[in-house]
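Just so we're on the same page: letters track the sequence lines, and every chain starts at 1. In what follows, every heavy atom counts, from backbone to side chain, and hydrogens, waters and symmetry copies are set aside. On a predicted model such as this, the values are computed, not experimentally measured, just so you know.
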There are 2 protein chains.
Amino acid sequence: MTDTRQRPSKRERTLAALVEAGLELFERQGYEQTTVAEIARAAGVTEMTFFRYFPAKEHLLLDDPYDPVLTAAIAEQPRDLQPFVRAARGIRAAWRALPEPETPVIRRRVRIAANTPSLRGAVWRSTGNTEQAIIEQLVADGASPDVARVAAASVLAALVAGLFMWADEERSTLADAIERALDVIEVAA
Amino acid sequence: MTDTRQRPSKRERTLAALVEAGLELFERQGYEQTTVAEIARAAGVTEMTFFRYFPAKEHLLLDDPYDPVLTAAIAEQPRDLQPFVRAARGIRAAWRALPEPETPVIRRRVRIAANTPSLRGAVWRSTGNTEQAIIEQLVADGASPDVARVAAASVLAALVAGLFMWADEERSTLADAIERALDVIEVAA
DNA sequence: CGCCATAATGTTAGCCACTAACATTATGGA
DNA sequence: TCCATAATGTTAGTGGCTAACATTATGGCG
């Protein structure tokens with residue numbers, strides 16, 4: 001209490017403790033084998049408290065607040081491109097701009113998700129907001145809703161596949177992995 | 001018992017009863033609002049019996065045995081195409097060949113899935129086998145594993161998006177919807 | 001037709017994710 | 001220091017799902 005530096009509020013501290021405890025337990029003994037009660041105990045709180053911070057167990061891993069960056073990047077792509085290509089190039093640009101220092105934490109999370117079958121669906125569902133955001137951006141710029149839906153889904157799938165590849169690679173940079181993934185689907189366009 | 005025609009075995013009858021009861025309840029009151037116990041009761045069996053037929057509630061909707069057809073169709077596409085294009089054209093061909101009479105049941109299922117947020121992820125996860133089959137086919141014909149993974153994921157995402165669109169359209173044919181979806185991602189290739 | 005191995009189903013008990021309603025304690029600013 | 005309010009705890013319950021064991025039904029065989 002004698003520390004004059006901004007001390008993190010209790011809420012921030014509990015959140016950090018839960019995240020750290022969760023990640024470590026998931027890594028040590030697997031996602032399925034780890035109980036929410038266990039995570040809570042390791043973080044010094046109750047099971048109920050966990051659910052006050054995360055709506056579900058899987059949300060400890062999936063929080064991605066990347067939507068605004070992505071949609072902005074897509075908006076900047078030339079409007080005369082086909083929606084699919086436009087979305088792909090936007091995502092490419094957005095991730096190229098991501099600060100490298102942030103990637104270790106992302107890698108920890110993605111690595112767990114990539115290696116837990118039951119989480120693959122969860123990851124996909126968690127992209128729902130991002131997907132919606134992309135669709136709206138594309139439609140706002142003149143694409144038909146149906147076309148936008150397919151384009152968004154397909155490009156996001158490539159992105160997730162790229163993330164999963166990268167998570168297990170150890171040496172490569174995130175931006176590179178994403179670029180490689182998008183190269184696969186942006187053929188001859 | 002005096003009927004001389006092949007009578008369905010008890011196992012077949014129970015399975016049919018569960019599927020029909022499930023679909024109807026899901027349609028009437030929603031997937032989340034329907035309990036497994038409820039479905040079982042409507043089918044004249046116990047909750048336990050339900051789980052002897054389906055490993056999980058969602059599997060009543062997601063059973064797709066389409067993998068062999070798909071991989072065969074992909075295998076028939078020219079090998080000098082890029083993997084992504086090859087997969088897309090294979091899927092196109094496979095669904096074009098699907099007998100129209102089968103589609104009403106598919107529509108019932110997809111419609112429920114498309115309108116239940118928690119199931120969107122489940123659908124994606126359920127494509128896991130198909131995804132794996134596609135990857136293996138592409139790799140067997142010379143694609144790199146990484147490229148194959150991205151191509152399979154991306155093309156399947158477009159397929160699912162197409163299915164979801166179609167489910168709520170009422171008038172259009174399944175093959176048409178799939179073609180439209182694949183057109184979006186097969187740009188200028 | 002009746003016997004019986006075996007398939008199909010039922011029972012009970014329990015774990016875990018998650019929720020609701022209400023009670024308690026801690027925090028940090030006035 | 002006091003106190004409104006944020007943070008956490010307690011209890012009780014629902015629904016999906018599993019395991020171990022008990023019971024009943026089915027249908028081919030003698």
Side-chain angles (χ1 to χ4, degrees), chain A residues 1-19 21-22 25-26 29-63 112-113 116-123 125-126, chain B residues 1-19 21-22 25-26 29-63 112-113 116-123 125-126:
Chain A
M1 303 285 183
T2 57
D3 196 333
T4 65
R5 279 169 304 187
Q6 263 300 35
R7 215 188 135 179
S9 74
K10 173 147 200 182
R11 183 163 189 90
E12 288 167 325
R13 269 177 289 145
T14 305
L15 179 63
L18 282 172
V19 168
L25 285 169
F26 289 163
Q29 54 188 31
Y31 177 84
E32 302 283 8
Q33 290 68 42
T34 302
T35 253
V36 169
E38 215 172 340
I39 300 174
R41 188 153 33 82
V45 294
T46 298
E47 197 182 347
M48 264 292 359
T49 296
F50 177 98
F51 287 108
R52 288 210 175 87
Y53 283 81
F54 304 100
K57 184 183 176 186
E58 58 188 53
H59 279 72
L60 195 144
L61 288 174
L62 320 167
D63 252 343
I112 295 168
T116 306
S118 74
L119 277 178
R120 301 182 108 267
V123 170
R125 190 176 49 245
S126 88
Chain B
M1 302 284 185
T2 57
D3 196 333
T4 64
R5 279 169 305 186
Q6 258 310 28
R7 216 191 135 179
S9 73
K10 174 149 198 181
R11 183 164 188 88
E12 288 167 324
R13 269 178 290 142
T14 306
L15 179 62
L18 282 171
V19 168
L25 285 169
F26 290 162
Q29 53 188 32
Y31 177 84
E32 302 284 8
Q33 290 68 44
T34 302
T35 253
V36 169
E38 215 172 340
I39 300 173
R41 188 154 33 81
V45 294
T46 299
E47 195 183 346
M48 267 291 358
T49 296
F50 178 97
F51 287 109
R52 286 207 177 88
Y53 284 81
F54 303 100
K57 183 184 176 185
E58 58 186 55
H59 279 73
L60 195 145
L61 287 174
L62 319 169
D63 252 342
I112 295 168
T116 307
S118 74
L119 278 178
R120 300 182 115 262
V123 170
R125 189 174 51 243
S126 88

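- Checked by atom type and distance alone, the side chain of B:T14 pairs as donor or acceptor with a backbone atom of B:K10 at under 3.5 Å.
- Distance, B:E38 CD to D:dG15 C1': 12 Å, rounded to whole Å.
- Closest approach to the B:T46 side chain among D:dT8, C:dT11, D:dG16 is made by C:dT11 (side chain taken as heavy atoms from C-beta onward).
- When atom types are taken as modelled, the side chain of A:T116 and the backbone of A:I112 share a donor-acceptor pair closer than 3.5 angstrom.
- Atom CD1 in A:I39 sits roughly 11 Å away from atom C1' in C:dA17 (whole-Å rounding).
- For B:K10 and C:dG10, the NZ to P distance is 8 Å, given to the nearest whole Å.
- The CZ-P distance, from A:R41 to C:dC16, rounds to 11 Å in whole Å.
- With C:dC16, D:dG9, C:dT11 as the choices, the nucleotide that has an atom nearest any side-chain atom of A:T35 turns out to be C:dC16.
- Using a cut-off of 4.0 Å between Lys/Arg side-chain N and Asp/Glu carboxylate O, B:E58 and B:R125 are scored as salt-bridged.
- Seen from the ring of B:F50, B:K57 does not count as a face-on cation partner, given the 6.0 Å and 45° thresholds.
- Rounded to whole angstrom, the span from the CG atom of A:L15 across to the P atom of D:dA6 amounts to 18 Å.
- Atom OH of B:Y53 is separated from atom C1' of D:dG16 by 20 Å (rounded to the nearest Å).
- In this structure, of C:dC18, D:dG9, D:dG16, it is D:dG9 that holds the atom nearest to the side chain of A:R52.
- Where B:E47 and A:T14 each meet DNA chain D at their nearest nucleotide, the meeting point lying more 5' is that of A:T14.
- Panel note: side chain B:Y31, backbone B:S118; no donor-acceptor pair is recorded below 3.5 Å.
- A straight line from CD of B:Q33 to P of D:dT14 spans 17 Å, rounded to a whole angstrom.
- At whole-Å resolution of the value, CZ in A:F54 and C1' in C:dT19 are 18 Å apart.
- Side-chain nitrogen and oxygen atoms of B:T49 include at least one within less than 4.0 Å of the OP1 or OP2 phosphate oxygen of C:dG10.
- With distances taken from any side-chain atom of B:M48 to the nucleotides C:dA8, D:dC17, C:dT12, the minimum falls on C:dT12.
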